[in-house]
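Presented below is the structure to which this report refers.
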Amino acid sequence: MQTIQALFQDFSTLYIQEYKPTWLKVKLQNATDIVEVAKALQSNGLTVISTVSPTDFVEDNRIEMNYFFEDILTKRNCWVKVDIPREIEQCVIDSITPIFKGALWHEREAYSMFGVRFTNHPDLRPIIVSQDFYGKTPYRRDFDWAAHEADTLGNIQAIYEDFEQEQAQNETLLDSNSSQMILNWGPTHPASGPIRLKVHCDGEDILGIDPDIGFVWRALEHLVTKKDFVGAIVAVERLCFMDNINSMVGYCQAVEEIANVEISEFAKWMRVLLGEVSRISSHMMGMGNFYNSLGLHTAFMWNVDVREYFLDFLESYSGARIATAAIEPGGVRYTLEEGMLETLQKAIEKFDATKEEIRAIFVKNPTMKSRATTKGILSAQAIEEYSLCGIVARASGVKTDIRLDEPYAAYDQVQMDYVTQQGGSAADRLKMLFDEIEQSVAIVRQAKAHIVANIANGNFNPTKDHMVKVPKKLPKGEAISRVEWARGEVLMHLVTDEKATNPYRLKMKAPSFNHTMILGELLKGESLSDIPLIFGSLYICQGDLDR
Amino acid sequence: MELLFNITIFPGMLYFLAWTVLLFWFFRKFMAALHKRVGPHFNGPAGSYQTLFDFTKLLTKESVTPSGVNPYLFSLMPILAALIAMLPSAFIPWTPSTTVVPTEYGVLALVVLIGIEPFLLFLSGFGSDNKYSFLGGIRILTQMISSETAFFLAALSPALLFGTLNLQTITESASWLSFVVLIPAFVLYFIALLALLEQPPFNIPDAEQEIVYGFYTEYSGTNYFLLKFAEFAEFMAVYAGATVLFLGGYKGLLVDGYLCFFLKMLLMAMVMMAIRAATPRVTMKQMIRLFWQYLVPLSLLNIAWIMLAKIYLLGGMA
């Protein structure tokens, strides 16, 4: 930390603060310094950029840029802030993409949503938003959504014209003497989900891929600002409902930090318990989807069969199987009643009964291995270069896991270790999923035993301890909170105003964004058959890709 | 009169329709069990009407012909595919007395008619004027060229062994000993069969995750029904071929007859389904390598083995 702090002596700063055990919060005076700062940080080991998040302060007439630099190996992180003017013409800052490749899409997103222009950015096109939002700034506080939506016909026209133009452009791209073509893989493709990969291919060989995302853009980050702090959880959990608990945990921690509320020990353990169940349910779908992409549906069906039992537990706890809305600022929403843990016990038993079968048939499948061990290989270096996280990073042997790096909830008391693989290939990522399900089940066992023991000796009161009161109005402030979500690191950057009843700005950094960004790199030179394999192995969810 | 019965009922149209409906239902139910789910359930006993309803629905649905294609080629192909797929049935000795066209060249007819089918499917993909269909068509050709060598060499080994191309004679001369001798050929035939029928792990031409539905992509309604029908008729032709060539046709353990023939075909369908439930799809390159590098040399070796066995085990039987 000292070395990072020393770095900033060369730059004029407004303040340097220690923030949380692993973070340093710095506000720069001059926006022109950002590239030099980024270079200095990178040479000191902070090689990962988590995200770039602008915050729009209309009254102060400024846009505050937030950069989150991370060092995933020695766990030193740096949060750099800098103000830039708000007027569209002057809203310009140097791009850090030439230094941090991982910022490529994050800067494009800031450009599409806030109109921040990045000089020296290699590919500053709008992303996520549909064509009718081009040149507009939907996430700025003064954007008139009603007026935009009133012009339905104009919006459709904009989308249509852009498509026509793209069609015309396609033809000029292709060599007419070859067998080249532009193939749309998605958005209505059996294996793609709502994403479009523009595949430029020559017969079966891929020459290049340009992902087109935003088909399930719900503007969640805008939506939360229209809701109160409790209501916002339903938007947050829709980041991707496969693992909805952990995203809510991340958001609630940020709210609790601003409200300065400490939740009860029981609630912390419940967050661990629910979070791991949710992670299991997500990973089981992930394994199934991996095999679906290889044309084998049995793995999905078998996993869903086991997953149902875990969903039974979520249902018994919250009344909902998928979108549970079970975590709330101040703790967990519901009391824990008798019988719920028995449902969980059944799920664990079901898992134990089937896991060897699933391991033998699907984790060690020879046909899968013959295809997947040589495809989609990511080195540990590439992980840092493109700022990847979660199982994708751990499959390449990078020890990163927010549960251990920056323990939240009750993870500081949980016995666990990094689960990694060394190969970094698609097959390793599949193996990671299965290993992590096993790890999560072990954590669920621990959490369950801990809760049962403490209820028995009277430390926990499951009908009262689940919530502490969080004031309806929050003071002015901002907080970041990181959680290890099923797919990787989720970073929530929450900003509140004076006497706030709803979030002023919530930036949700979700892992699939970076993982989709590298698709083009991974697939170049491969064949069409590898698209679903590599796409499936990166464990991408369009929900948190588009938000 | 008998010919009319043969064409319309057995082993003709109605037989194939019944086979398609029943086998489709059986596939669904069998697959469901392997997937740990229920499968068709509500319509009819054990959901058996489901497939019937599905086919009726397809027959009554609008058949969309995309603009920009040759409508004749586009609609002719499914009909041709279905017809050609049913033709081998005429040469198969279903029971000791039912062979519609008894000929000395049964094996040849079988091999040729089965071999034509992929070309028709390629043309249906080619005629669709769709990138996915076209890729599917190209893939089907590649796959056919790779798998047919092994398939034909395996299919011809019984003919070599028994010294005849007459399917009836082959069935009658089959014995336990000849069955054992033909096991390598049967294994080769079965692997090549999976590729020829575009079944997993060789369902590359209609790999839904890669190229949507391959050559099927643009087909709907009646045309789609005909293509599906052709696919199932092709199943029957290939299974029946295997049954006659390697498994002794209608000969049974206790009684001879059509039932034995049917059970043998069903057994092959079950093995095929089990492979489908446990094996992911391989890639084009892997498929080509498997066939040219391993199966073609192996089938040549198999021919040598058949010759040796014929001379030393079966005493040079004519």
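Chain letters run A, B, ... following the sequence lines, proteins first, then strands; residues in each count from 1. This structure is a prediction, so every number in the text was calculated from the model and none was measured.
- Within a 6.0 Å radius of OH in B:Y224, other residues, nucleotides and ligands contribute more than 12 heavy atoms.
- By the neighbour-count criterion of 12 heavy atoms within 6.0 Å, atom CD of A:E166 is densely surrounded, having more than that number from other residues, nucleotides or ligands.
- With respect to chain B, the highest number of heavy-atom pairs below 4.5 Å among A:P366, A:S293, A:A299 belongs to A:S293.
- Counting heavy-atom neighbours within 6.0 Å of B:Y49 OH, excluding the residue itself, gives a total of 12 or less.
- Formation of a donor-acceptor pair under 3.5 Å by the B:K131 side chain with backbone atoms of A:I182 is found in this model.
- Proximity of B:T283 to A:E204: side-chain heavy atoms (C-beta onward) are nowhere separated by under 4.5 Å.
- Within 6.0 Å of atom CZ in B:F55, more than 12 heavy atoms from other residues, nucleotides or ligands are found, so the atom counts as buried in its surroundings.
- Only the side chain of B:R139 comes within contact range of chain A, with at least one heavy atom under 4.5 Å from a heavy atom of that chain.
- Looking at B:P280 and A:N365, their side chains come closer than 4.5 Å, going by heavy atoms from C-beta outward.
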Query raised in the report: Going through the checks in order, is the side-chain contact (heavy atoms from CB on, under 4.5 Å) test met by A:M301 and B:K36?
Result: CA-CA 7 Å; A:M301 292 295 169; B:K36 299 189 184 175; 5.9 Å; no
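- Using a 4.5 Å heavy-atom cutoff, the side chains of B:L34 and A:H297 are not in contact.
- Taking the side chain as every heavy atom from C-beta outward, B:L135 and A:L528 approach each other to under 4.5 Å.
- Atom OH of A:Y309 sits in a sparse spot, with 12 or fewer heavy atoms from other residues, nucleotides or ligands closer than 6.0 Å.
- Contact annotation for B:R281: both backbone and side-chain heavy atoms come within less than 4.5 Å of a heavy atom of chain A.
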Report task. Apply side-chain contact (heavy atoms from CB on, under 4.5 Å) to the pair A:S370 and B:Q286, showing each step before the final yes or no. Result -> CA-CA 9 Å; A:S370 75; B:Q286 284 176 317; 3.0 Å; yes
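- Residue A:M181 touches chain B through its side chain alone, counting heavy-atom pairs closer than 4.5 Å.
- The local environment of CZ in A:F241 is sparse, with at most 12 non-hydrogen atoms from other residues, nucleotides or ligands closer than 6.0 Å.
- In this structure, the portions of B:A277 lying under 4.5 Å from any heavy atom of chain A include both its backbone and its side chain.
- When each of A:L533, A:N184, A:I361 is checked for heavy-atom pairs under 4.5 Å with chain B, A:N184 comes out on top.
- Proximity to chain B is absent for every atom of A:T188, based on heavy atoms less than 4.5 angstrom apart.
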